[in-house]
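Worksheet for the structure shown next.
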Amino acid sequence: NNFNKSAEHYLQAVNNDTDFPHSRINFAHTLILNKQFDDAFNVLKKARNILQNNKFLEIRKEILTYIETTETFAYIMMQDNEKAYLGIHKIKNMDISNESDRANALFNLYFSIGDLDKGFLFYEKHKEIINRYDNCIIRSPLCNNAHKDKRYIDILKEMKLYDYWKDSL
């Protein structure tokens, strides 16, 4: 099945990418989507350890944001709203220089938890920062809840993608 192929690919990437945490974060997403939460948390713990031991990484804070976002997504998928909102609060208050990364993380998480108003608020903030639309709203499984909202259709129309996607709505 697709999960086994994805897991096989990410395991190979993890083994090849021993000094950088990105492949582990992506692998954790795959595990979370397949409800293998304990494995995902273990993979994220290894990613965090790599990040802590790799002091020369210039984008440490941004990568830590990705780790926190992935952990928070796991709590959302586990329906542990208390830990999910604690994670969202933590991301809101993290010391990161790239506000685009923060807004991206927050709109993904708010959409995932079903808080569409805040999701669209942070999507618009992110769009203003990067000065363009972000197709993440279309392709990310964290944004699937947004697809049920009229504001999503408006975004597709503004992106000139509505005619392409309208049959899948």
Report whether Tyr75 and Leu86 are members of the same hydrophobic cluster (ILVMFWY, side-chain heavy atoms less than 4.5 Å apart, transitive linking).
no
Distance col, row Arg48:CZ vs Asn53:CG, nearest 0.5 angstrom, shows 13.0 Å
Between the CD1 atom in Ile67 and the CD1 atom in Ile25, the distance rounded to the nearest 0.5 Å is 4.5 Å
**Q.** Co-membership, hydrophobic cluster, residues Phe120 and Ile130, 4.5 Å side-chain
**A.** no
Polar contact flag, side-chain donor to acceptor under 3.5 angstrom, Ser97-Glu62: yes
### Query
Between Asn26 and His22, is a side-chain hydrogen bond (donor to acceptor under 3.5 Å, both in side chains) present by the stated rule, with each step listed?
CA-CA 6 Å; Asn26 293 333; His22 269 94; over 6 Å; no
Margin query: With a 6.0 Å cut-off (strictly less than), is the heavy-atom count around CG of Asp38, excluding the residue itself, greater than 12?
Written below: no
- Message: Pair Phe107, Cys143 - check side chain to side chain contact (heavy atoms under 4.5 Å, CB included), show working.
- Response: CA-CA 8 Å; Phe107 84 71; Cys143 297; 3.8 Å; yes
What one should report as the nearest heavy-atom pair of Thr72 and Ala84 is CG2-O, 3.3 Å
Rounded to the nearest 0.5 Å, the OG1 atom of Thr69 sits from the CD1 atom of Ile76 at a distance of 9.5 Å
Discussion item. Applying a strict under-4.5 Å side-chain criterion to I, L, V, M, F, W and Y, I'd like to know whether Leu33 and Ile138 cluster together.
Written reply: yes
Salt-bridged, Asp117 to Arg151, with N to O below 4.0 Å?
yes
Across all chains, not counting sequence neighbours, the salt bridge (Lys or Arg N to Asp or Glu O under 4.0 Å) partners of Glu124 are Lys127
Exercise. Could you tell me if the ring centre of Tyr152 sits under 6.0 Å from that of Phe111?
Key: no
| Which is it for Tyr110 and Phe122 under the side chain to side chain contact (heavy atoms under 4.5 Å, CB included) test, yes or no, and what are the steps along the way? | CA-CA 9 Å; Tyr110 278 123; Phe122 280 99; 3.6 Å; yes
Between Asn108 and Asn104, does the side-chain hydrogen bond (donor to acceptor under 3.5 Å, both in side chains) criterion hold? Intermediate values first, please. CA-CA 6 Å; Asn108 274 280; Asn104 180 289; 3.0 Å; yes
Fill in: Joint cluster assignment, Leu142 & Met78, ILVMFWY side-chain distance < 4.5 Å
yes
Linking I/L/V/M/F/W/Y whenever any side-chain heavy atoms sit under 4.5 Å apart, do Ile129 and Ile96 land together?
no
* Asked: Are His29 and Thr70 side-chain neighbours, meaning at least one heavy-atom pair lies under 4.5 Å?
  -> yes
Would His89 and Ile91 count as a side chain to side chain contact (heavy atoms under 4.5 Å, CB included) if you check the C-alpha gap in whole Å, the side-chain angles of each, and the deciding distance to 0.1 Å?
CA-CA 5 Å; His89 180 74; Ile91 292 165; over 6 Å; no
Between Glu68 and the options Lys83, Lys90, Lys61, Arg102, the salt bridge (Lys or Arg N to Asp or Glu O under 4.0 Å) test singles out Lys90
Between Gln52 and Asn49, does the side chain to side chain contact (heavy atoms under 4.5 Å, CB included) criterion hold? Intermediate values first, please. CA-CA 5 Å; Gln52 289 173 347; Asn49 288 341; 3.8 Å; yes
Sorted by chain and number, sequence neighbours left out, ring-ring contact (aromatic ring centres under 6.0 Å, His included) with Tyr133 holds for none
Is a donor on one side and an acceptor on the other found under 3.5 Å between the side chain of Asn145 and the backbone of Ser112?
yes
Sequence neighbours excluded, the answer for ring-ring contact (aromatic ring centres under 6.0 Å, His included) partners of Tyr85 is none
